[in-house]
There are 2 protein chains.
Amino acid sequence: MAGVSKGTVSNVFTQKRAVRKEVVDRVLRAAHELNFKPNYWARTLSMKETRIIGLSMQAEQTKFSQFHLSLINGVLQVCYDQGYRLLINTRAADHKRDLRHSTTDPVDGEILLDPQENDERFIRRTETSPPAVVVGRPPEALGTQFCYVDNDSVASAKKATQFLIDLGHRHILFLNTPKERTVSEDRRRGYESAIHQAGYEIHPELHIYERLNTHSLEYGQTTTREMLAQGRTFSAIIAGSDKIALGVYQAAMEMRVSIPGQLSVFAFENDTVFTSEFCPPLTGITLNAERIGSEAASLLIERLRNPSTPTVYRLIPTEIIIRESCRIWNARN
Amino acid sequence: MAGVSKGTVSNVFTQKRAVRKEVVDRVLRAAHELNFKPNYWARTLSMKETRIIGLSMQAEQTKFSQFHLSLINGVLQVCYDQGYRLLINTRAADHKRDLRHSTTDPVDGEILLDPQENDERFIRRTETSPPAVVVGRPPEALGTQFCYVDNDSVASAKKATQFLIDLGHRHILFLNTPKERTVSEDRRRGYESAIHQAGYEIHPELHIYERLNTHSLEYGQTTTREMLAQGRTFSAIIAGSDKIALGVYQAAMEMRVSIPGQLSVFAFENDTVFTSEFCPPLTGITLNAERIGSEAASLLIERLRNPSTPTVYRLIPTEIIIRESCRIWNARN
DNA sequence: TGAAAATATTAAACCGGTTTTGCAATATGG
DNA sequence: CCATATTGCAAAACCGGTTTAATATTTTCA
């Protein structure tokens, strides 16, 4: 319609080669009239770039948590600024399906969430897979092969435990997240390190892992209830998430144990709005999920632009937020 | 490598035409050896189907709320079951950029969030745009052209107001969400309808819209503070969201107004976990966001399969959840 | 003025699949 | 046993762009 060839139209749209102003006008006018837009897929096919980054959840998992929400918001901000789109990968893992049903991924790069030990996403990854950045620490064995962004979980847990020890607590119950998540093990290390450093004994029965596929709130509630019913000695609880802490609160209410009078509660916080509304407001440590998300996205996009950048990782600092659920503990309590 | 033609390999992978078992084996063995997978975008180009659905946010907006989170979880569940992926559209609107930078969308269909009156996404939509389903009510003028999934906002607001009227409240302050959102206007109608039906007078000064781009919590807090300071008469507040309600709580605490003793608070709830932890626990109406998400996704996928399905909309019911923030009001209070 | 350089355009090749067409090999059946 | 279906595969066209190589036009400058 504009009386020019395919290639010229391409040049008008991509602006990679000069086109005479008059011709540009003619082409754009025709494009507007025909409501023409370059086909995304055809362009992708020849450019070999989608400008889409993927967010890969754990296999079989389809629900985002509050932590994920903040993280996604961080990722989105960077995507928006850099002109990328975000694809949530909900497809079942390839190997579960027939090889015949698998295809390449429609993304330039991926952010991998919630790494686990023996995580198939890492094992299946080949040199042709798109570049990836992990949120959280990748499995031990592959530690050095992946870029990752994480909190310094060991240090965070140590700092948290230290905080309670400084308040006078000696028996601290740790309701940890599932063992399969790499972060859980890190936090256990930090927790034990702080106790050890204070010269106290480590009581293995005071450290409990959540089981996969359970409701966190219920886990916090029933475990706390059981531990209290059994008459275990502990004056403080560290909850692996705010939802777990909520369960602790409910169990404490049931059992008429006052917080923080008889029990201090401390949590790794995923959602700051939420936690400030606990009754009493929950003391804990924020994970800066949004910042983790934006760092992960920046790191990934940087690698896409320059694939030769070395494997790096970034640790996002955590901060203790003191509210009202922890109190000084004296021997006489 | 398998000694067969391109077309045969295609048939092995798509299974659209019969291929001899022996040849299938040879091809698959070779594919495995070469780590070959069909290219997603090449396939898309010739099939004209991406099996990706898009989630379109308001222009310029890059943050999801708690309500969105639940909604997305509902969408993801359906996507997972149906073999679709979800793309979050964070690109700036086409028309803001040069026409030269626009392309077709890389999705089969779209879910449009947070419709507003004069929403450019609707105006720009042409017959070549992918099918769309709206979450919330589309702009008045286009009402019949789009499938949408929504709460029955008029009925919800009426039910909520009726609930407070039944408790004896006559002056109910409504802290509504921004006027630009179609839902706000619907709720105002329901609110006024209930008041009118009860035979009470409508006080326009007791209905306030949030301004766009403000913090909801702050809006709730400052507005409540001002209204109380001005000595306005009202015994109950309906908050357009739980975050607004949180602001109301904070203002009430500042001004030493007890909830629910001196003031009943009722909210449209986006997050059920959150609201049960208000102090006192918040009474309100749940929007069933997750269900809205899954219905929207199902509806969209249904339309993709069969484009001739008529334009329909689905109203998701809401339920009042009675907790402790609302109390009977007598004239003598 | 004419040769060299710079600029603008086109035709053709290509990206990596799917789909159509046509032909050979095998199966069916009267 | 031969005509007719049916099945299985290769060759070629196609999806809608980008990119390269070749060509035509204009500009620069000796």
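Within every chain, numbering begins at 1; the chains are lettered A, B, ... in the order of the sequence lines, protein sequences first and strands thereafter.
Counting only distance, with no hydrogens or angles, the side chain of A:Asp108 and the backbone of A:Ile53 share no donor-acceptor pair below 3.5 Å. A donor-acceptor contact shorter than 3.5 Å links the side chain of A:Ser184 to the backbone of A:Thr177. Remark: side-chain polar atoms of B:Glu110 are not paired, donor with acceptor, to backbone N or O of B:Gly54 under 3.5 angstrom. When atom types are taken as modelled, the side chain of A:Thr8 and the backbone of A:Val4 share no donor-acceptor pair closer than 3.5 angstrom.
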Filtered N/O pairs between nucleotides 10-17 of chain C and protein, under 3.5 Å:
| residue | atom | partner | partner atom | Å |
| --- | --- | --- | --- | --- |
| C:dT10 | OP2 | A:Ser5 | N | 2.9 |
| C:dT10 | OP2 | A:Ser5 | OG | 3.3 |
| C:dT10 | OP2 | A:Thr8 | OG1 | 2.6 |
| C:dG17 | OP1 | B:Asn39 | N | 3.3 |
| C:dG17 | O5' | B:Asn39 | N | 3.0 |
| C:dG17 | N7 | B:Lys6 | NZ | 2.9 |
| C:dG17 | O6 | B:Lys6 | NZ | 2.5 |

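At a threshold of 4.0 Å, the pair B:Arg314-B:Glu302 counts as salt-bridged, since one of the basic side-chain nitrogens sits closer than that to a carboxylate oxygen.
Counting any heavy atom pair closer than 4.0 Å across all strands shown, A:Val9 reaches no nucleic acid atom.
The nearest whole Å value for the distance from the CD atom in A:Glu22 to the C1' atom in D:dT26 is 14 Å. At whole-Å resolution of the value, CZ in B:Arg20 and C1' in D:dT6 are 15 Å apart. What separates NZ of B:Lys16 from P of D:dG8 is a distance of 18 Å, to the nearest Å. Spacing between atom CD of B:Gln15 and atom P of C:dT19 amounts to 13 Å, rounded to whole angstrom units.
In this pair, B:Phe13 and B:Phe36 present their aromatic rings perpendicular. The plane angle is above 60°, beyond the 30 to 60° band.
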